[in-house]
**Q** 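My questions all concern the structure below.
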Amino acid sequence: MTHSNIARIVVLVLLIAAPLVQPNAYWVHVFSLALIGVILAFSQQLLVGMAGIVSLGQGAFYGIGAYTAASLSIAYKLPFLLAILIGGLLAGASSLLLVPIVRLKGSSLAVATLGFAIIVHLVMMNEDWLTGGSIGLMDIPHPTLFGLPVGGETAFYYVCLAVAALVFLTFDRIAHSRFGRALTAMSQDEEAARASGVAISLYKSKCFLIAAIASGIAGGLYAYHSQYLNPNDFSFQKSIDILMMVIIGGIGSLPGAALGAAIVVLVPEVLRSSGEFRLILFGVMVIVLAGTGNRGLAGVITDLVKYAIARWWHKPAPTTAAARVS
Amino acid sequence: MTPLLDVSGLTRHFGGLVAVNDVALEIAPGSVHGLIGPNGAGKTTMLNMVSGHLSSSSGWIRFERELITKTPVDVRARLGIRRTFQNLKLFREMTVLENIMVGMHGQTQCEIWHALLRTPRQKAEEAAIAEQARKALDFVGLLHLAEMPAGSLPYGSQRLVEIARAIVASPKLLLLDEPAAGLNGAESKKMVGLIRAIRDSGVTILLVEHHMDVVMPACDTITVLNYGKRLANGTPAQIREHPEVIKAYLGGGVKRRPKADQPKAAEAAHAAS
Amino acid sequence: MTIDQFVQTMLGGLAIGCIYSLIALGISMIIRATDILHFAQGEMLMVGSMVGLSAYWMRDLPFPIVLLFGIIGGGLISTVVELVVYRTLRMQRVALINIMIATIGVSIVLQNVARLVWGSEPLGYPSLFDSKGIVVAGFAVSPQLLWIVILSALIMGTLILFFRYTRLGIAMQAAAQDPDVARLMGINVDRTTTYTFAVAGMMAGAAGVLLGSLFFASFNMGFITGIKAFVAATLGGLGSVAGAMIGGLIFGLIETFSGMLISTAYKDAVGMVVLILILLLMPNGLLTRAGREV
Ligand SMILES: Nc1ncnc2c1ncn2[C@@H]1O[C@H](COP(=O)(O)OP(=O)(O)O)[C@@H](O)[C@H]1O
Ligand SMILES: [Mg+2]
């Protein structure tokens, strides 16, 4: 068994154990929220870490997925899994609106996606018939799985964990495929990738599509998680938070993205006791973590672990080609 | 024999500047065709139009008789036109092997869902890609560096990685933009050998080069550009004797290693004028 | 729409556009000099606005002095942030995208410090000019709006003169265009970068006082305004100072007119649609910065 497989199993066991160690319903609720954040961070990692695209619009797809799942569940009593799946697909379909702009580069593309997120947010705010406007959607039914109610915070946590694990596996396989290789190549030298036969715009569009589906599914989970949706849950601020998760955790690594998401969601909760200083501390932490270097917190931790292994087992630290999605 | 690449009236403007002016070019299959000329003559621009990285202002390009003037770069790559770049373009943070594997992209098919399901077809294709890539690396003599990050290699090796990436998918036409730039004498010699070997494996080559000691032994035919215009066309022997070429070259331009025959060339230029 | 309404809307659009221009200018200057997308620019505006207001509270100062305090406040905070945060990160050779996230961290910190200091309620700016309408060329116009346009024009004009005719201004331009050549010419690029942040902060501080006088000041007034100015700078061509001014004006006019003619709810959306369309036609915005490949 490889090191990374051992690490994955350890993390999975820890995540399964989390609600048993801390069974307080409030905290389990927050843990679920963190897992939803993890899925969002994965979607951003596909864009930033693999394809080199900075998206400031993931919050929009998150919202589209959430409102779709919620509406279907309220109006048509669609089953839970089907509703979030359709939410994901509709978010994916809406990403096709970005096809014309994928040929933009760097900051222009980032600002254009921001524009998209702002437009979607305004639609959520103002189309009362569709989204309940600024009041939002209330009374979203409790989720059921195969006819059985998903009772309580802990059960829902495990649903989120399963979905997050599935998204991780999917993206991990994508990273280690011909498609993922082409994306990585594209992010490092677009012209050379093109000259090797990579259809750049098509691949960028596919990347947005996959990322949007994942964000949309996260949105569906969120709808059932909070049972109340408000447009301000999906403002462009959310999009920026999602990017922040990836940068803090480490560009290019899925575990890094997960770590970043956990920090962005959990730290403000942990700091709740520090009252008014909570967000100031959080901001300072963002600055410090952004400064940990291009591989983020995941890079720092990997280096520490390698150092420890080298130190205590007297084995040379394995060198890897720079940080990439693993 | 019909030419593999047939270019006619190819022109490219940059604002007021005409970088390539009404140039015609024919490359016979299985040959090495040189494209030479002083700095700024328009060689790279020409190459960029053939690869599709630049659009042409007018003129047309045929590849295997098909008109490709407006075909996008990636489609041309899949048709079998591959290239290297004058200022190295490697995927620096990927390993050498992965760089070459990307070169197989245009010639492979497996879509995302194959990877998600790990289908037998995907596994077979990945194995085949890796195998091909190793062969190409072996061909340029870099197999021992396969797992190194490409950006960490010395300059000369990086040039070879780029060439391996371009030939891994057995292209029909290979465009090389100054492959010997920055190489020392011994490395240049090896490059000539490599170019001949690539040709012998059945790849037609368009070679842009500065160094005469690479161009002359490597090429079967040569086109000379000057100020974007075609100045001459012929075998290396014909080009060597061509009065206008000698004049253009001595008028400043191509770096020429100081050689004993320099005065002779000057005499010839004098005689021609 | 009557002609009178048109003139009113036009003036309103120009006034808000000028404010966007002032912020966008700073954003563009910073991109030119450092390639950093400065998401905390709106916070410089907020600090400027708050400092100006505090100065007014202490003594019943006339408007130009309040404006001056705003300029100083914005400039100071921007300089401090550059010296403490961004310079440190640049020296550690942190990637640009990480610095961009750090600017968001800065924005979070400044907002919440401001909330501690000035509270979370919106603070009314006293009406600094006679609010009676005046008549210009037969049209009744608001002096408030007129003054905003005039003062902004003065500030931007001064900036242009500064860039064109002072040694420091010219050095800053040179350093922004090609840091390596500038270094060879003996320019201290670190220092010009700090001055760039200082000037950018001053512009934002001025915008803060002007925006405050139009509505009110609050700890979270900066973020959305900053984002819009960002869009305006992109519209004009990221890194182009002239483009930022034009982009800001266009954005302000679009917002105001579409709020008037199309829908108040979607006025921001119209601006975004225009942004995306312009980028599709001109991927680098209306004006491209000179001297560097984009
Ligand atoms: N993208 C471009 N924009 C403007 N001018 C260009 C561009 N590319 C090349 N040129 C100009 O076209 C001429 C030919 O350039 P190039 O093809 O690179 O020459 P060569 O490869 O023969 O040295 C030069 O004068 C060069 O400055
Ligand atoms: Mg060239």
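In what follows, every heavy atom counts, from backbone to side chain, and hydrogens, waters and symmetry copies are set aside. By convention in this document, chain letters (A, B, ...) are assigned in the order of the sequence lines, proteins followed by strands, and residues within each chain are numbered from 1.
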**Q** Run the salt-bridge test on B/R165 and B/E98 with the 4.0 Å N-O cut-off and return the result as yes or no.
**A**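 The answer is no: the pair does not qualify as a salt bridge.
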
**Q** With a 4.5 angstrom heavy-atom cut-off, is it the side chain or the backbone of B/T108 that approaches chain A, or both, or neither?
**A**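 The answer is both parts of B/T108.
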
**Q** Examine whether an atom of B/L117 lies under 4.5 Å from a heavy atom of chain A, and if so say whether it belongs to the side chain, the backbone or both; otherwise answer neither.
**A**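 For B/L117, backbone heavy atoms alone lie under 4.5 Å from chain A.
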
**Q** Out of B/L206, B/L25, B/I27, which one pairs with B/T223 under the side-chain contact (heavy atoms from CB on, under 4.5 Å) rule?
**A**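 It is B/L25; the other options fail the test.
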
**Q** Go through B/I81 and B/L175 one step at a time and tell me if the side chain to side chain contact (heavy atoms under 4.5 Å, CB included) criterion holds.
**A** CA-CA 7 Å; B/I81 302 178; B/L175 314 172; 3.8 Å; yes

**Q** Between B/M101 and chain A, with a heavy-atom cut-off of 4.5 Å, which part of the residue counts as in contact: side chain, backbone, both or neither?
**A**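 Looking at B/M101, backbone and side chain both touch chain A.
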
**Q** Between B/N99 and B/R92, is there a side-chain donor-acceptor contact under 3.5 Å, judged purely by atom types and distance?
**A**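 Distance-only check fails for B/R92 and B/N99.
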
**Q** Could you point out which residue of A/S95, A/S43, A/S55 forms a side-chain contact (heavy atoms from CB on, under 4.5 Å) with A/S215?
**A**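 With A/S215 as partner, side-chain contact (heavy atoms from CB on, under 4.5 Å) holds for just one option, A/S43.
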
**Q** Quick check on the interface: out of B/R78, B/H105, B/K89, who has the most heavy-atom pairs with chain A under 4.5 Å?
**A**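 Among the listed options, the one with the most contacts to chain A is B/H105.
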
**Q** Assess A/R173 against A/F171: is NZ or CZ under 6.0 Å from the centre of the six-membered ring, and within 45 degrees of the ring's axis?
**A**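 Output no; distance or angle outside limits.
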
**Q** Between B/G106, B/G151, B/S152, which shows the greatest number of heavy-atom pairs under 4.5 Å with chain A?
**A**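 Top option by heavy-atom pairs under 4.5 Å: B/G106.
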
**Q** Using non-hydrogen atoms and a 4.5 Å limit, figure out which bit of A/L169 sits close to chain B: side chain, backbone, both or neither.
**A**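 Neither part.
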
**Q** Given that the side chain runs from C-beta out, which part of B/Q122 has a heavy atom under 4.5 Å from chain A: side chain, backbone, both or neither?
**A**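 Side chain of B/Q122 only, per the 4.5 Å heavy-atom cut-off to chain A.
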
**Q** Between A/F208 and A/Y203, does the ring centre distance come in under 6.0 Å?
**A**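 When the ring centroids of A/F208 and A/Y203 are compared, they turn out to be at least 6.0 Å apart.
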
**Q** Which answer fits B/E125, side chain, backbone, both or neither, if we ask what part of it has an atom under 4.5 Å from a heavy atom of chain A?
**A**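 Side chain only.
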
**Q** Pick one of side chain, backbone, both or neither for B/L79, based on which atoms fall under 4.5 Å of a heavy atom in chain A.
**A**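 Neither part; nothing is under 4.5 Å.
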
